[in-house]
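Below is one structure. I have some questions about it.
Computed from a prediction, not measured in an experiment: that's the story for all the values here.
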Amino acid sequence: MKRIFITGFALLAIFQTRAQNVPTDSTAYKSRKLKLEEVNLVSSYYKQDGNNSAVTGGIGSEHLTDIANTIDVKLVKYGETGIKHTFDIEAGIDHYTSASSDMIDLSANSSASSSDNRFYPSLTYLRENEEKGRTLGIGVSSSTEFDYQSFGGNISFSQKTKDRNGEFTAKFQTFIDQLKLIEPVELRTSGGEGYGSANRNTFAGTLSYSQVVNKNLQVMLVGDVISQNGYLSLPFHRVYFADGSVHQEKMPDTRLKIPLGIRASYFLGDNVIIRAYYRYYTDDWSLRAHTADLEIPVKLTQAFSVSPFYRYYTQTGTKYFKPYGEHTAADDYYTSNYDLSKFDSSFFGMGMKFTPLNGIFGLKHWNTLEIRYGHYTRTTNMTSDIISINIKYK
């Protein structure tokens with residue numbers, strides 16, 4: 001936990017020096033120079049426990065910890081024609097330890113697989129014509145860890161209605177991934193530390209429409225179509241058959257996912273908001289799921305608000321899943337990964353937001369500190385906890 005606080009506050013000091021010389025823009029003037037508009041520093045600590053590790057065939061420890069730190073910087077300038085240009089630069093790094101990954105080699109104790117780091121930068125550019133209510137966007141991203149490399153790209157288009165109460169958005173994303181084929185130690189056929197590789201591609205299209213119904217109610221409809229192809233198994237997941245033999249997880253090389261959702265925000269006066277969300281999910285692996293989410297931010301004082309939240313999730317499970325020792329040679333595809341099993345889950349917790357008039361610790365432009373804690377439980381006897389801290393400069 002100490003690392004979380006050090007990261008956020010050390011970066012705060014760097015930006016504060018610059019913030020001293022940035023005047024508050026209270027006029028309608030739109031700067032044509034590139035201007036620092038917002039910075040978010042986010043740190044989180046995650047811990048989970050369970051006894052259904054896919055690495056050991058659906059049994060064994062799922063203990064995992066993850067420390068994540070991200071910095072998000074938004075820069076804005078206006079062109080001579082009044083076009084708004086926004087550059088969003090984000091970089092994150094995670095460090096995790098995993099008892100299940102450590103069991104890729106059953107004879108190892110604190111092997112190289114027991115921990116890893118992930119680095120994930122991204123850059124997004126938005127070109128907004130405020131007069132016409134139209135925005136075009138393009139972005140690139142990457143994610144790197146020992147056994148996984150991902151490169152992503154996206155394009156987006158948004159158009160507001162004439163009265164500015166509605167907005168239509170279309171977005172297309174693609175991720176081109178490469179996996180190292182790290183097999184369980186007893187299934188390796190060649191010596192040495194060399195690994196093969198395989199590709200995985202993801203293409204996602206999103207359509208959404210948001211509408212201000214009245215002064216109290218806003219709604220949004222969202223629909224996605226996600227297509228994946230390539231190596232969709234995880235090479236170090238074991239599957240134990242009924243005859244006692246051990247195999248490598250085998251899944252189809254294509255998958256089509258369709259999530260559909262609706263989001264609503266209702267304002268109860270000036271101090272209470274009710275935010276609700278529902279999503280239905282289906283795919284061609286026969287997995288069906290429902291998500292219902294409720295969050296109620298309450299403003300207790302001018303500078304302090306709380307946000308209790310609860311999310312319920314249920315899924316049917318894919319037709320390719322069976323627990324430890326239940327698959328047979330008659331199965332074309334097989335997995336004992338409990339993420340693909342039938343289960344229900346609950347996630348609940350509380351957020352706290354501080355927005356003091358004089359800024360956090362008297363630093364005027366660092367105007368928001370948000371702390372969130374959540375507890376997760378699943379009917380497969382997996383539990384987890386996460387705490388995150390967000391410090392905002394604006």
request  = Answer yes or no on whether R118 is positioned over the face of Y120, meaning its NZ or CZ is under 6.0 Å from the six-membered ring centre and within 45° of the axis.
outcome  =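 Because its charged atom sits under 6.0 Å from the ring centre and within 45° of the axis, R118 does stack over Y120.
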query = Taking atom CG of N271 and atom NZ of K299, what is their separation to the nearest 0.5 Å?
reply =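 NZ of K299 is found 6.5 Å from CG of N271.
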inquiry  = Looking only at the aromatic ring of each residue, does the gap between the centers of Y324 and Y240 stay below 6.0 angstrom?
reply    =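 Yes, the ring of Y240 comes within the 6.0 Å limit of the ring of Y324, centre to centre.
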message = How long is the straight-line distance from CG of L136 back to CZ of R127, given to the nearest 0.5 Å?
response =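 R127 CZ to L136 CG: 7.0 Å, rounded to 0.5 Å.
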ask   = Does K215 count as lying over the ring of F267, i.e. NZ or CZ under 6.0 Å from the six-ring centre, within 45 degrees of the axis?
value =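 No, K215 does not lie over the aromatic ring of F267.
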query = Do the side chains of L256 and L207 join up, straight or via other hydrophobic residues, at under 4.5 Å, putting them in one cluster?
reply =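 No, no single cluster joins them.
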Single hit among P121, S150, S122 for side chain to side chain contact (heavy atoms under 4.5 Å, CB included) with S141 =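 Among P121, S150, S122, the one meeting side chain to side chain contact (heavy atoms under 4.5 Å, CB included) with S141 is S122.
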ask   = Are any non-hydrogen side-chain atoms of R311 and S346 less than 4.5 angstrom apart?
value =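 In short, these two side chains do not touch, never coming nearer than 4.5 Å.
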ask   = Do any N or O atoms from the side chain of T316 and from the backbone of R288 form a donor-acceptor pair under 3.5 angstrom?
value =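 Flag set: sc T316 to bb R288 pair under 3.5 Å.
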ask   = Within the distance-only criterion (no hydrogens, no angle test), does the side chain of Q248 pair as donor or acceptor with the backbone N or O of L187 below 3.5 angstrom?
value =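 No.
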ask   = Can you say whether the rings of H365 and Y393 are parallel (under 30°), tilted (30 to 60°) or perpendicular (over 60°)?
value =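 The arrangement is tilted - the two ring planes meet at 30° to 60°.
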request  = Indicate yes or no: does K160 engage E130 in a salt bridge with an N to O separation below 4.0 Å.
outcome  =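 So K160 does not pair with E130 through a salt bridge.
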inquiry  = For H247 and F241, I'd like to know if the aromatic rings sit close, meaning centre-to-centre distance below 6.0 Å.
reply    =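 H247 vs F241: aromatic centres under 6.0 Å.
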ask   = Can you tell me how far CG of D385 sits from OH of Y45, rounded to the nearest 0.5 angstrom?
value =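 Spacing of OH (Y45) from CG (D385) equals 9.0 Å.
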inquiry  = Treating E62 as the side-chain partner and N52 as the backbone partner, does any N or O pair qualify as donor plus acceptor under 3.5 Å?
reply    =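 At least one qualifying donor-acceptor pair exists.
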query = Is any side-chain N of the basic residue among D339 and R378 closer than 4.0 Å to the acidic one's carboxylate O?
reply =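 So D339 pairs with R378 through a salt bridge.
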inquiry  = Are the side chains of Q211 and F168 in contact, using a 4.5 Å heavy-atom criterion?
reply    =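 No. Closest side-chain heavy atoms not under 4.5 Å.
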message = Looking only at the aromatic ring of each residue, does the gap between the centers of F343 and Y313 stay below 6.0 angstrom?
response =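 Here the rings of F343 and Y313 have centres that are less than 6.0 Å from each other.
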message = I'd like to know if the side chain of W285 and the backbone of T254 have a donor-acceptor N/O pair within less than 3.5 Å.
response =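 Answer holds: yes.
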ask   = Linking I/L/V/M/F/W/Y whenever any side-chain heavy atoms sit under 4.5 Å apart, do L363 and V73 land together?
value =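 Yes, L363 and V73 fall within the same hydrophobic cluster.
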inquiry  = Whether the side chain of S384 engages the backbone of Q48 through a donor-acceptor N/O pair (distance < 3.5 Å, no angle test) should be reported.
reply    =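 No, S384 side chain to Q48 backbone: no donor-acceptor pair under 3.5 Å.
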Close aromatic pair by centroid cut-off 6.0 Å: Y312 and F347 =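 Ring centres of F347 and Y312 not closer than 6.0 Å.
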request  = Indicate yes or no: at least one non-hydrogen side-chain atom of V239 is less than 4.5 angstrom from one of K250.
outcome  =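 Not in contact.
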task = Check K394 against E38 and note the closest heavy-atom contact, atom names and distance.
result =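 Taking every non-hydrogen atom into account, NZ-OE1, 3.4 Å.
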key: Under 3.5 Å: donor-acceptor pair, side chain of N358, backbone of G362   =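 Side chain of N358 to backbone of G362, a donor-acceptor pair under 3.5 Å: no, none is there.
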ask   = Does some side-chain heavy atom of E249 sit less than 4.5 Å from a side-chain heavy atom of Y334?
value =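 Counting from C-beta outward, Y334 and E249 never come under 4.5 Å.
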request  = Could you please spell out the steps behind the side chain to side chain contact (heavy atoms under 4.5 Å, CB included) verdict for T368 and K353?
outcome  = CA-CA 7 Å; T368 303; K353 182 182 288 187; 3.9 Å; yes
ask   = Between atom OH of Y195 and atom CG of L179, what is the distance when rounded to the nearest 0.5 Å?
value =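 Reported to 0.5 Å precision, the distance equals 14.0 Å.
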task = Kindly work out whether a path of hydrophobic side-chain contacts (I/L/V/M/F/W/Y, heavy atoms less than 4.5 Å apart) joins V306 to I391.
result =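 Linked within one cluster.
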query = Looking just at side-chain N and O atoms, do T97 and T65 make a donor-acceptor pair shorter than 3.5 Å?
reply =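 On atom types as modelled, these side chains qualify, holding a pair under 3.5 Å.
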inquiry  = Whether the T169 and S158 side chains hold a donor-acceptor pair (N or O, under 3.5 Å, no angle test) is what I'd like checked.
reply    =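 Yes, because at least one side-chain N or O of T169 sits under 3.5 Å from a partner of the opposite role on S158.
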ask   = For the ring pair Y338 and F321, is the centre-to-centre distance below 6.0 Å?
value =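 Between F321 and Y338, which both carry aromatic rings, the centre distance is below 6.0 Å.
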inquiry  = Keeping D72 on the side-chain end and N40 on the backbone end, is there a donor-acceptor pair under 3.5 Å?
reply    =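 Here the side-chain-to-backbone pair does not exist.
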ask   = Distance-only, no hydrogens or angles: does the S208 side chain make a donor-acceptor pair with backbone N or O of L221 under 3.5 Å?
value =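 The answer is no, because no donor-acceptor pair under 3.5 Å joins these two groups.
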query = Do the side-chain N and O atoms of K257 and Q228 include a donor-acceptor pair separated by under 3.5 angstrom?
reply =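 K257 vs Q228: donor-acceptor pair found between side chains.
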ask   = So, does Q315 use its side chain to make a donor-acceptor pair with the main chain of S341 at under 3.5 Å?
value =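 Such a contact is found between Q315 side chain and S341 backbone.
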